[in-house]
Amino acid sequence: MTLLITIIAAVISTVIWYTSSKARELKVGILLYMFWGASLMWLVDAVVEYLEVGAEYFEPAAKDMLNDAFLGISVVALAFTVWMVYLLIKDPQNTVKKLLTEKRTGNK
Amino acid sequence: MACFIVPATEAVVTTVIQKVVKKNEEKKDSNGSETKLRFSEKLKWLNGMLWGGSGLLAFEHLWHGEITPFFPFLTAANDPADTAAMLHEMATSGSAMAILVTAVWAVAAVAADKITAVQKNEKKKACAEA
């Protein structure tokens with residue numbers, strides 16, 4: 001479930017990155033790296049588990065599935081948080097800089 | 001258990017390599033040449049996937065209680081039997097993860113070079129026809 005959620009997030013961010021120049025400007029590429037990197041790594045985990053347990057891999061217990069889904073959503077939230085912090089630090093449109101300068105001149 | 005350590009270690013190495021390659025390319029560029037996609041730029045993709053992927057995997061390990069914020073940081077390191085299992089997992093799953101990510105990056109890098117070459121050829125043809 002975690003793998004599935006991460007792959008869906010990776011595909012959605014790739015489509016957004018591909019179609020929108022605004023998204024590229026806002027460094028959505030960072031999300032692509034994180035989601036695709038993690039998807040590939042979890043894919044290896046999934047293959048290893050499949051080799052160990054066989055078809056049972058596709059019949060997880062409801063409790064495990066729920067926990068994995070919760071983890072998957074948390075992973076997506078973490079990736080978005082990392083991207084947001086990166087965006088604020090890099091400030092590609094100088095929004096933060098402009099706001100801070102306006103405040104400073106306003107204070108004077 | 002700690003499989004993400006292998007791609008994270010590769011990420012450290014490739015990041016250092018990328019910095020060195022970037023410096024060398026900048027020196028070459030100041031001499032005036034090269035217009036194709038830089039190798040350092042392509043290495044940045046690999047670094048991104050390795051750092052991003054191992055970061056999210058580290059979070060998963062934290063979620064499952066396999067990482068702790070105090071020494072020795074890995075719960076499997078507390079017991080010799082668990083340590084052996086952890087090292088085995090690092091050698092198998094961890095290496096496979098690093099290899100898969102690197103292989104996907106290599107395919108993407110080659111594809112990017114081919115696309116750039118095709119675009120260059122098309123431009124040349126258009127110039128020759130004009």
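Numbers restart at 1 for each chain; the letters A, B, ... are given by sequence-line order, proteins then strands. Just so it is clear, the structure is predicted and the values come from calculations on it, not from any experiment.
Closest non-hydrogen pair, M49(B) versus M41(A), comes out as O-CE, 4.0 Å. Considering every non-hydrogen atom in both L100(B) and L40(A), the closest pair reads CD2-O, 3.5 Å. Between G37(A) and V101(B), the shortest heavy-atom contact is O-CG2, 4.4 Å.
Hydrophobic clustering (ILVMFWY, side-chain heavy atoms < 4.5 Å, transitive): F70(A) and L62(B) are in one cluster. Note: the hydrophobic cluster containing I5(A) also contains M65(A) (ILVMFWY, side chain heavy atoms under 4.5 Å, direct or indirect links). By the criterion of side-chain heavy atoms lying less than 4.5 angstrom apart, applied directly or through intervening Ile, Leu, Val, Met, Phe, Trp or Tyr residues, L37(B) is grouped together with F39(B) in one hydrophobic cluster. Two different hydrophobic clusters hold V16(B) and V21(B) under the rule that ILVMFWY side chains link at heavy-atom gaps under 4.5 Å. In the hydrophobic clustering of this structure, V11(A) groups with M34(A); members are Ile, Leu, Val, Met, Phe, Trp, Tyr whose side-chain heavy atoms approach within less than 4.5 Å, directly or through other members.
Residue contact with chain B, scored on non-hydrogen atoms closer than 4.5 Å, is absent for L32(A). At a 4.5 Å heavy-atom cutoff, the contact between V104(B) and chain A is made by side-chain atoms alone. Using a 4.5 Å cut-off between heavy atoms, V75(A) contacts chain B through both its backbone and its side chain.
Grouping Ile, Leu, Val, Met, Phe, Trp and Tyr by side-chain contacts under 4.5 Å, direct or through others, puts F71(B) with F73(B).
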Give each N or O donor-acceptor pair spanning chain B and chain A at a distance under 3.5 Å, with atom names and distance to 0.1 Å, or state none.
from	atom 1	to	atom 2	distance (Å)
E60(B)	OE1	W42(A)	NE1	2.7
W63(B)	NE1	N67(A)	OD1	3.4

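Between chain A and the options P7(B), G53(B), G52(B), the largest number of non-hydrogen pairs under 4.5 Å is found for G53(B).
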